[in-house]
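Working notes, structure below.
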There are 2 protein chains.
Amino acid sequence: MIDFAPHDHDGCIASALAAAEEGCAARGLRLTDARRRVLEILLESHRALGAYDVLDRLRAEGRPAQPPLVYRALDFLVAQGFVHRIERLNAFVACARPGAEHAPAFLICRACEAVAEMPVAPEEGRLGSAARATGFALEATTLEAEGLCPNCRGAVA
Amino acid sequence: MIDFAPHDHDGCIASALAAAEEGCAARGLRLTDARRRVLEILLESHRALGAYDVLDRLRAEGRPAQPPLVYRALDFLVAQGFVHRIERLNAFVACARPGAEHAPAFLICRACEAVAEMPVAPEEGRLGSAARATGFALEATTLEAEGLCPNCRGAVA
DNA sequence: AGGGGAAGTGTTATACTATATCATCCGCTG
DNA sequence: CAGCGGATGATATAGTATAACACTTCCCCT
Ligand SMILES: [Zn+2]
Ligand SMILES: [Zn+2]
Ligand SMILES: [Zn+2]
Ligand SMILES: [Zn+2]
């Protein structure tokens, strides 16, 4: 999802799952049932879900599950780049560009809670040059913005 | 602290406290004892402290205190811009430029946990233009990077 | 001085987020 | 089928944050 526009979401889900399958196969890793189901739950919407939201959905569909199951699955999916963690929300969102190397940035709507993943390269911005200037070795960056998405901008007073 | 270099830290503390006093006076707000003490604790180091770290220090100096006291003080200090929240760490750090309008970015050393506040303007970077392009109304941005500071870069194997 | 409202604090309880630990199971390889 | 490593089950606990309500303090107005 490059912005907040409607799109072929079924295809969106299918291609993300396919990318995850391929990525795991290529790296000799297993997209187990639990991991796959957690990814599917996150893919259902372009919103960030808390680990316990995911847990609730697993339980709602009849799977007994405990927090560690969810956190293990999320850790795996994040490590493989199929899911991103949203630090501002302590929550998780499915990657909109699985497979491609990318350093994502996020636009988070505070009204509808939609999350859009934008393709940026933070290490090439001012932070990167500032880091280089001070001798800081960048390893991971978080770039998140909160505000109102185009859809909610009109709806809210 | 613009980078990880040594500096006149006593002066650093004094000027930050003075800026907080002035800012409160100018806005008709009260820098109460609790708020001031929490700010002082954060100013002691250029590191991010968790709310419960602050709580422990308050208690260590003989003040009975409960979590809400600390969170209220932190909320106030963050709202006034005297303290910043570090989302990646669920922790708080004293502002290095109190008084000045700024949209801060942070470099966080994963070895010594020092936090440097860098002056950047995220809304002018690619995220800003991407947001504008999609009609997203930016309200707050988080820009944080983790890595190794110059001091720890050599020290770690 | 006294009344009264807003802001701040005290206190208890609880919600939400995340991990440690150890036992067990499953899938693969030799 | 024995053995190994990764994955899951299960229980407990650690760490982060807020709700709710009582009480106090400050400040302004009379
Ligand atoms: Zn979609
Ligand atoms: Zn929205
Ligand atoms: Zn200093
Ligand atoms: Zn360091």
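Naming: A, B, ... by sequence-line order, numbering from 1 per chain. When reading the values below, keep in mind they use all heavy atoms of this one structure, side chains included, and skip hydrogens, waters and symmetry mates.
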Checklist line | Centroid-centroid distance, B/Phe92 to B/His84, less than 6.0 Å | finding: no
Next item on the list: Tell me, with the steps shown, if B/Asp33 and B/Arg63 meet salt bridge (charged side-chain N to carboxylate O under 4.0 Å, His left out).
Entry: CA-CA 11 Å; B/Asp33 201 51; B/Arg63 308 188 177 219; 3.0 Å; yes
Next item on the list: In sequence, state the C-alpha distance, the side-chain angles, and the governing distance for B/Glu44 and B/Arg37, and then conclude on salt bridge (charged side-chain N to carboxylate O under 4.0 Å, His left out).
Entry: CA-CA 11 Å; B/Glu44 284 169 10; B/Arg37 193 64 203 113; 3.5 Å; yes
Notebook entry, point to check: Is any NZ, NE, NH1 or NH2 atom of the basic residue among B/Arg36 and B/Glu40 found under 4.0 Å from an Asp or Glu carboxylate oxygen of the other?
Noted result: yes
Next item on the list: For the residue pair B/Glu117 and B/His102, confirm or rule out a side-chain donor-acceptor distance under 3.5 Å.
Entry: yes
Item checked: Phosphate contact (C/dA18 OP1 or OP2) by A/Arg85 side-chain N/O below 4.0 Å -> yes
Item checked: Reference residue A/Leu42; test side-chain contact (heavy atoms from CB on, under 4.5 Å); the match among A/Ile13, A/Asp53, A/Val54 -> A/Val54
Next item on the list: State whether B/Arg47 and B/Glu113 are salt-bridged, where the test is any N-O pair (Lys NZ or Arg NE/NH1/NH2 against Asp/Glu carboxylate O) under 4.0 Å.
Entry: yes
Notebook entry, point to check: So which of residues 31-42 of chain B are in contact with DNA chain C, with a heavy-atom cut-off of under 4.0 Å?
Noted result: B/Thr32, B/Ala34, B/Arg35
Next item on the list: From the options D/dT18, D/dA10, C/dA18, select the nucleotide whose nearest atom is closest to the side chain of A/Phe92.
Entry: C/dA18
Item checked: Base of C/dA15 paired with side chain of A/Tyr52 (donor-acceptor, under 3.5 Å) -> no
Note to self: Base contacts versus sugar-phosphate-only contacts with protein, heavy atoms under 4.0 Å: please encode nucleotides 21-27 of chain C as B, S and - from 5' to 3'.
What the structure shows: B-----S
